[in-house]
Chemist: 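My questions will all concern the structure given below.
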2 protein chains.
Amino acid sequence: MLTQQPRNGRAPSVKDVAAAAGVSLGTVSNVLNRPAVVSAATRERVERAMAELGFVRNESARQLRAGTSRALAYVMLDGGNPFFHDVAEGIETAAEDADLSLFVCNSSGRSEREAKHLDRLLQQRVQGILITPVDPDAPHLADLAQRGLPFVMVDRFSRAGGHCSVAVDDVLGGRIAVEHLIDRGHRRVAFVGGPASIGQVRERLQGARAVWAEFGMPEEDLIHLPTEALTVNEGRSAGERLAGLPSRRRPTAAFCANDLLALGLLQHAVTAGLRVPDDLAIVGFDDIDFAAAAAVPLTSVRQPRQELGRTAARLVLDEATNPAHVHEQATFVPALVARASTGTVRR
Amino acid sequence: MLTQQPRNGRAPSVKDVAAAAGVSLGTVSNVLNRPAVVSAATRERVERAMAELGFVRNESARQLRAGTSRALAYVMLDGGNPFFHDVAEGIETAAEDADLSLFVCNSSGRSEREAKHLDRLLQQRVQGILITPVDPDAPHLADLAQRGLPFVMVDRFSRAGGHCSVAVDDVLGGRIAVEHLIDRGHRRVAFVGGPASIGQVRERLQGARAVWAEFGMPEEDLIHLPTEALTVNEGRSAGERLAGLPSRRRPTAAFCANDLLALGLLQHAVTAGLRVPDDLAIVGFDDIDFAAAAAVPLTSVRQPRQELGRTAARLVLDEATNPAHVHEQATFVPALVARASTGTVRR
DNA sequence: CACGCCGCTTGAAACATTTCAATCCCACCC
DNA sequence: GGGTGGGATTGAAATGTTTCAAGCGGCGTG
């Protein structure tokens with residue numbers, strides 16, 4: 001409820017408030033930061049002046065004086081994938097609890113955009129950075145560490161170490177997905193995913209292969225259908241390749257490296273007249289909301305998305321504030337969520 | 001490539017760079033801001049010093065001096081809806097062109113979170129705010145205007161005026177959706193959407209009713225199935241209510257106020273054994289990527305999502321920099337994207 | 001030779017806030 | 001009445017950057 005217009009475009013400062021309330025500027029600052037120390041009468045006078053002038057603290061001046069901002073940042077890999085949005089929500093709740101702002105950036109999988117964002121965040125003097133990097137071993141990430149800026153890798157690991165990370169056990173995720181399919185009676189299964197440069201993809205495939213071997217299945221019956229990205233489009237195109245296989249080699253089930261691929265594959269299957277799960281069972285990964293919302297609800301390997309974010313935020317805050325901080329690789333256990341897309345046991 | 005460790009935790013400042021390069025701090029600033037004015041030899045010396053120290057501009061000090069930050073902000077309504085993410089991308093490209101940062105916030109449909117975000121952004125002294133508000137007539141929005149802070153409403157209008165806005169013609173959107181269904185031979189149609197407090201919903205319904213009447217269809221054959229939100233879940237529950245109608249009243253097609261509802265409805269229809277589009281045709285609104293990715297690709301009313309964002313950013317920048325700025329209500333024309341969910345002509 | 005100009009560099013001021021030592025004032029106690 | 005303690009307030013310093021008027025030299029011109 002501000003009663004005065006901002007005169008001459010400049011926003012009112014503590015100095016203006018002090019003048020209006022007839023106190024020194026130190027007192028105004030005390031009202032803002034240590035209200036207990038100032039007498040009730042004065043405090044009320046100052047508060048009234050602030051309201052009348054429409055005073056708003058200038059965050060840059062605070063920061064300058066404090067030497068650090070009161071913000072965290074999350075640089076996400078793909079804003080188009082709801083998975084990352086959910087992670088961001090987890091981070092935000094934790095940031096809010098610590099009374100910090102969160103800057104959410106999106107690299108869209110492009111390394112140069114990522115670098116640009118990081119540069120900006122460095123200039124902003126954020127307290128810490130959470131990132132799902134395009135390349136976990138990129139030099140600009142090592143730079144961050146050398147600068148002593150707290151940072152945590154989310155949903156990725158780097159060989160280098162020197163920082164915390166938070167992720168799900170992807171090998172295990174691959175295992176439970178494929179074990180579920182074997183349970184359902186499938187003896188020929190496709191793994192849909194790529195490129196191999198993504199650690200996640202490699203590990204999920206590795207888990208799949210491990211459990212496949214443990215059940216004594218012939219190696220050639222776990223068919224890898226590589227994709228160029230983890231997108232709906234690539235899932236569709238994998239579906240075409242799958243349909244093109246000679247029928248004696250055609251899998252009865254597919255395990256997709258993420259849910260977007262699975263949705264694309266599902267779409268292709270349905271338009272091609274395949275019944276899901278009878279003709280083709282599908283398992284995704286991440287368990288985004290759209291997996292449960294698909295026409296044939298998708299079985300998926302759930303990652304605790306929000307929890308991932310919250311933990312990452314906790315770790316970066318610990319690194320920022322606790323001198324005795326030691327780096328930690330937090331690993332979560334994925335869980336299979338069975339839905340209609342793998343609904344029936346195959347004989 | 002920084003060769004020195006940051007000593008004593010403080011980041012190096014222009015002063016440190018000046019000392020290292022043996023010049024005054026004004027010269028360092030010149031190198032940063034007006035490189036042409038400083039001699040090549042000096043410039044190189046300074047640049048080397050900056051690289052060695054790992055100097056990074058302190059944005060808060062810049063801001064403090066400049067009186068304004070170099071950032072825009074977008075407060076989105078629902079981060080879980082990909083529509084808003086696409087709008088944000090459009091804004092970001094425009095912000096990047098203007099060499100501004102973009103802060104993306106998410107109110108999650110909660111007014112108090114929105115207010116909190118706005119408060120923070122005010123403290124940050126952002127140059128302008130783009131917002132898809134929870135309530136276009138909320139008092140904290142009027143506050144912004146009174147403060148003289150440039151702001152633009154995205155995908156919403158307010159009665160009050162006093163600011164720019166950018167949106168699609170929702171009445172027209174409703175018209176083309178329903179006209180398409182009439183074209184396809186449907187004579188009993190459901191409108192799925194709510195709550196009525198959302199202007200969009202009202203206008204889309206209004207357009208639907210208008211065209212329905214113009215074609216001389218009986219009013220009672222356009223059935224409104226109200227929902228409590230624009231979510232997948234609500235779409236599902238609308239599907240249940242729809243299936244529960246006596247068959248002589250049951251519509252052969254549904255027009256959903258957005259794509260999330262449509263996806264939920266589609267899911268319910270498929271699990272209930274209805275064929276889409278033969279038993280039930282479905283039209284959504286927004287044309288998010290997941291609409292095209294659905295098992296039965298969804299016909300939808302496309303909004304130029306990125307364009308919306310870019311235009312909004314342009315307007316807010318104009319307001320921020322052009323003293324002769326006049327407020328503008330930019331309206332875009334929606335377009336029907338026909339897909340399989342309304343694929344066949346009904347006889 | 002003196003003057004002016006030009007290219008480059010400098011130093012100080014300004015931005016808004018927080019902090020902290022110093023001061024002030026009042027009441028209370030001896 | 002003087003001293004003391006303590007609560008409330010003050011004023012100055014410090015944060016890192018940008019800007020701008022002023023200074024400095026050297027060179028060319030009259």
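Throughout, a chain's letter reflects where its sequence line sits, starting with A, and its residues are numbered from 1.
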Chemist: Could you go through the side chain to side chain contact (heavy atoms under 4.5 Å, CB included) check for A/N33 and A/R62 one step at a time?
Modeler: CA-CA 11 Å; A/N33 302 299; A/R62 287 186 89 180; 4.1 Å; yes
Chemist: Decide side chain to side chain contact (heavy atoms under 4.5 Å, CB included) for B/I131 and B/L144; before the verdict, give the C-alpha distance in whole Å, the side-chain angles of both, and the deciding distance to 0.1 Å.
Modeler: CA-CA 11 Å; B/I131 183 169; B/L144 288 188; 5.7 Å; no
Chemist: Checking side-chain polar atoms at under 3.5 Å, does A/Q63 have a donor or acceptor matched by the opposite partner on A/R70?
Modeler: no
Chemist: Please report the distance, rounded to the nearest Å, between CZ in B/R62 and P in D/dT18.
Modeler: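 Atom CZ in B/R62 sits about 5 Å away from atom P in D/dT18.
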Chemist: Using a strict cut-off of less than 4.0 Å between a Lys/Arg side-chain nitrogen and an Asp/Glu carboxylate oxygen, indicate whether B/E89 and B/R305 qualify as a salt bridge.
Modeler: no
Chemist: Would you kindly give the CG-to-C1' distance between B/N58 and D/dT18, to the nearest whole Å?
Modeler: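 Between C1' of D/dT18 and CG of B/N58: 13 Å.
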Chemist: So, are B/D143 and B/R147 salt-bridged, with charged N and O less than 4.0 Å apart?
Modeler: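 B/R147 and B/D143: salt-bridged.
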Chemist: Just how large is the angle between the end axes of the helix from C/dC1-D/dG30 to C/dC30-D/dG1, five pairs per end, to 10 degrees?
Modeler: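 About 70°, once rounded to a multiple of 10°.
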Chemist: Please write out each protein N/O paired with an N/O of nucleotides 8-12 of chain D under 3.5 Å, distance rounded to 0.1 Å.
Modeler:
{"residue": "D/dT9", "atom": "OP1", "partner": "A/S39", "partner atom": "OG", "Å": "3.2"}
{"residue": "D/dT9", "atom": "OP1", "partner": "A/T42", "partner atom": "OG1", "Å": "2.2"}
{"residue": "D/dT9", "atom": "OP2", "partner": "A/S39", "partner atom": "N", "Å": "3.1"}
{"residue": "D/dT10", "atom": "OP2", "partner": "A/S24", "partner atom": "N", "Å": "2.8"}
{"residue": "D/dT10", "atom": "OP2", "partner": "A/S24", "partner atom": "OG", "Å": "3.2"}
{"residue": "D/dT10", "atom": "OP2", "partner": "A/T27", "partner atom": "OG1", "Å": "2.7"}

Chemist: Can you measure A/E59 atom CD to D/dT15 atom C1' for me and round it to whole angstrom units?
Modeler: 14 Å
Chemist: Working to the nearest 0.5 angstrom, can you tell me the gap between B/Q200 CD and B/F157 CZ?
Modeler: 8.5 Å
Chemist: Extract, from 5' to 3' on DNA chain C, the first and final nucleotides lying under 4.0 angstrom from some heavy atom of chain A.
Modeler: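 Result: C/dA16 to C/dT19.
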Chemist: To the nearest 0.5 Å, what is the distance between CD1 (B/I91) and CG (B/L308)?
Modeler: 8.5 Å
Chemist: Whole Å only: how far is the CG atom of B/L64 from the C1' atom of D/dT15?
Modeler: 9 Å
Chemist: Mind checking the CG-OG spacing from B/D135 to B/S111? Nearest 0.5 Å is all I need.
Modeler: 6.5 Å
Chemist: B/S107 side chain to B/M76 main-chain N or O, any donor-acceptor pair under 3.5 Å?
Modeler: yes
Chemist: Looking at A/Q329 and A/H163, would you say the former's side chain and the latter's main chain have a donor-acceptor pair under 3.5 Å?
Modeler: yes
Chemist: Under 4.0 Å between a Lys/Arg side-chain N and an Asp/Glu carboxylate O for A/E44 and A/R48?
Modeler: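 Answer for the salt bridge query: yes.
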Chemist: With distance as the sole criterion, do the side chain of B/R65 and the base of D/dT18 form a donor-acceptor contact below 3.5 Å?
Modeler: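 Counting by modelled atom types and ignoring angles, a donor-acceptor contact under 3.5 Å is found here.
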